[in-house]
A.B. asks: 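Got a structure for you, written out below as structure tokens; questions coming shortly.
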Amino acid sequence: MRNSRPLPSAVLASYHYCETITGQQARNFAYGIRLLPTGQRRALSALYAFARRVDDIGDGTLDPDTKRERLLECRDLLERVRTGTVPQDATDPVALALSHAAGAFPIPLGALDELIDGVLMDVRGHTYENWDDLRFYCRCVAGAIGRLSLGVFGTVPGVRGAARAPEYADTLGLALQLTNILRDVREDAGNGRVYLPAEDLRKFACPETADDLRRYPPPAEADFTALVRFQIQRARELFAEGFKLLPMLDRRSGACVAAMAGIYHRLLDRIAEDPAAVLRGRVALPAPEKVLVAVRGLTGLDARRIARQAHP
């Protein structure tokens, strides 16, 4: 952070609110950031709380017009944060915490505009013809989070290739989002959403509508297993590229990212073991396995291994 002066009580309370939201609604994320210095942990919690608000609007039960109005209100709030016009006596704790974080770290706030753009795509019921279409959406809703987090982490001074750090952070976000999409195929279809590219669905003779994707087993002619494996390979390539970020981060930041990304990477392996499982329900890691993966990340074991692979 830029200074170490004691924070005003209202700002401290706002950060506490955001950390509570993060701990309750994003346990993997909260677990990953617990080893970070206090200032970074608070800033990431403020970013998460704002992103959670945006996501909850998109996933909620309001009608589309009301959702758009609420998302525009989020964009107005973001503009106040950007221009430094959030008052110190603001009653919205997320606004106050995010405003303070933006003043303490070089956070690329435009990435939060991209997040709102992505959620608006969900509200409009957007579908994706090919990977380029889906990649744009993933950049908005997940790559943006990677770039925002990098604004808080920063890179090691003088590290080789640092100019590409935002690109790697973005790509790692894409890898996590594609893993989410595979995990949630059935759940998303139940909500009328299909994220898998129509071009890929046709390639493997799989149904393209949400109603058809909800049905299990899939039609006899559909090679759903091959479809999922095709996406898994794409996600693994994204992980491999995105993990090049880790050697550019300091030890604690690298451990944080390795812990969070490691859980999703192992989840992808679990899906690969039984691709059709995503049509039967939501695939998840058993709690002990999740803890083990997270601990390996937090202790730096995975970060050091990946760093050696990236820079032998």
Side-chain angles (χ1 to χ4, degrees), residues 1-58 60 69-116 119 141-142 144-157 165-166 169 173 249-257 259-260 298:
M1 298 182 73
R2 291 176 184 169
N3 60 69
S4 57
R5 288 181 299 175
L7 298 182
S9 58
V11 174
L12 279 173
S14 296
Y15 274 132
H16 178 71
Y17 172 86
C18 292
E19 290 185 286
T20 300
I21 293 294
T22 303
Q24 291 175 344
Q25 300 191 32
R27 292 180 181 177
N28 292 344
F29 184 78
Y31 193 81
I33 66 175
R34 65 173 57 185
L35 283 187
L36 291 174
T38 301
Q40 289 181 324
R41 187 182 69 247
R42 286 171 174 166
L44 286 170
S45 294
L47 286 168
Y48 176 83
F50 182 87
R52 179 78 267 164
R53 178 179 296 183
V54 172
D55 283 343
D56 284 347
I57 292 170
E69 289 176 8
R70 296 287 175 83
L71 289 170
L72 288 177
E73 291 173 2
C74 289
R75 208 184 290 279
D76 289 342
L77 185 159
L78 184 57
E79 184 60 21
R80 294 197 298 275
V81 170
R82 192 176 358 251
T83 56
T85 55
V86 175
Q88 286 296 303
D89 60 352
T91 57
D92 181 348
V94 175
L96 192 53
L98 184 59
S99 180
H100 184 272
F105 296 96
I107 297 172
L109 293 173
L112 288 174
D113 280 304
E114 294 179 43
L115 172 63
I116 295 171
V119 174
V141 299
I145 302 301
R147 285 174 272 126
L148 288 161
S149 299
L150 180 62
V152 175
F153 293 138
T155 56
V156 175
L249 305 177
D250 65 44
R251 182 184 61 82
R252 294 168 80 175
S253 298
C256 170
V257 174
M260 291 185 287
L298 289 171

A.B. asks: Decide, yes or no, whether a salt bridge links Arg52 with Asp56 under the criterion of side-chain N to carboxylate O below 4.0 Å.
C.D. replies: yes

A.B. asks: Apply side-chain contact (heavy atoms from CB on, under 4.5 Å) to His100 and Ser14, showing your working.
C.D. replies: CA-CA 10 Å; His100 184 272; Ser14 296; over 6 Å; no

A.B. asks: State, to 0.1 Å, how close Pro108 and Arg147 come at their nearest heavy-atom pair, and which atoms those are.
C.D. replies: CG-O, 3.6 Å

A.B. asks: Within a strict 4.5 Å, meaning less than it, do heavy atoms of the Phe50 and Cys18 side chains meet?
C.D. replies: no

A.B. asks: Got Ser149 and Leu44 here, is their nearest side-chain heavy-atom distance under 4.5 Å?
C.D. replies: yes

A.B. asks: Does a side-chain heavy-atom distance below 4.5 Å link Arg252 with Gln40?
C.D. replies: no

A.B. asks: Quick one: are Leu77 and Arg53 in side-chain contact, heavy atoms under 4.5 Å?
C.D. replies: yes

A.B. asks: Taking all non-hydrogen atoms of both residues, which atom of Ala95 and which atom of Val81 are closest, and how far apart?
C.D. replies: O-CG2, 4.2 Å

A.B. asks: Can we say Arg82 and Asp113 salt-bridge, meaning some charged N sits less than 4.0 Å from an Asp/Glu carboxylate O?
C.D. replies: yes

A.B. asks: Assess the residue pair Leu12 and Arg42 against the criterion (side-chain contact (heavy atoms from CB on, under 4.5 Å)); give the C-alpha distance rounded to whole Å, side-chain angles, the decisive distance to 0.1 Å, and a yes or no.
C.D. replies: CA-CA 9 Å; Leu12 279 173; Arg42 286 171 174 166; 3.4 Å; yes

A.B. asks: Checking the side chain of Tyr15 only, and the main-chain atoms of Ser45 only, is there a donor and an acceptor separated by less than 3.5 Å?
C.D. replies: no

A.B. asks: Closest heavy-atom contact between Leu148 and Ala111?
C.D. replies: CG-CB, 3.6 Å

A.B. asks: What residues form a ring-ring contact (aromatic ring centres under 6.0 Å, His included) with Phe153, not counting sequence neighbours?
C.D. replies: none

A.B. asks: Check whether any side-chain heavy atom of Tyr48 sits under 4.5 Å from a side-chain heavy atom of Ile33, and report yes or no.
C.D. replies: no

A.B. asks: Which heavy-atom pair separates Ala102 from Leu109 by the least distance, and what is that distance?
C.D. replies: CB-CD1, 4.1 Å

A.B. asks: Are the side chains of Leu112 and Leu47 in contact, using a 4.5 Å heavy-atom criterion?
C.D. replies: yes

A.B. asks: Apply salt bridge (Lys or Arg N to Asp or Glu O under 4.0 Å) to Glu69 and list each qualifying residue two or more places apart in sequence or on a separate chain.
C.D. replies: none

A.B. asks: Would you check, one step at a time, whether the test side-chain contact (heavy atoms from CB on, under 4.5 Å) holds for Ile57 with Val119?
C.D. replies: CA-CA 8 Å; Ile57 292 170; Val119 174; 5.6 Å; no

A.B. asks: Please find the pair of heavy atoms, one from Gly254 and one from Leu249, that lie closest to each other, and give the distance.
C.D. replies: N-CB, 3.8 Å

A.B. asks: Within a strict 4.5 Å, meaning less than it, do heavy atoms of the Arg70 and Cys74 side chains meet?
C.D. replies: no

A.B. asks: Check Val94 against Ala49 and note the closest heavy-atom contact, atom names and distance.
C.D. replies: CG2-CB, 4.0 Å

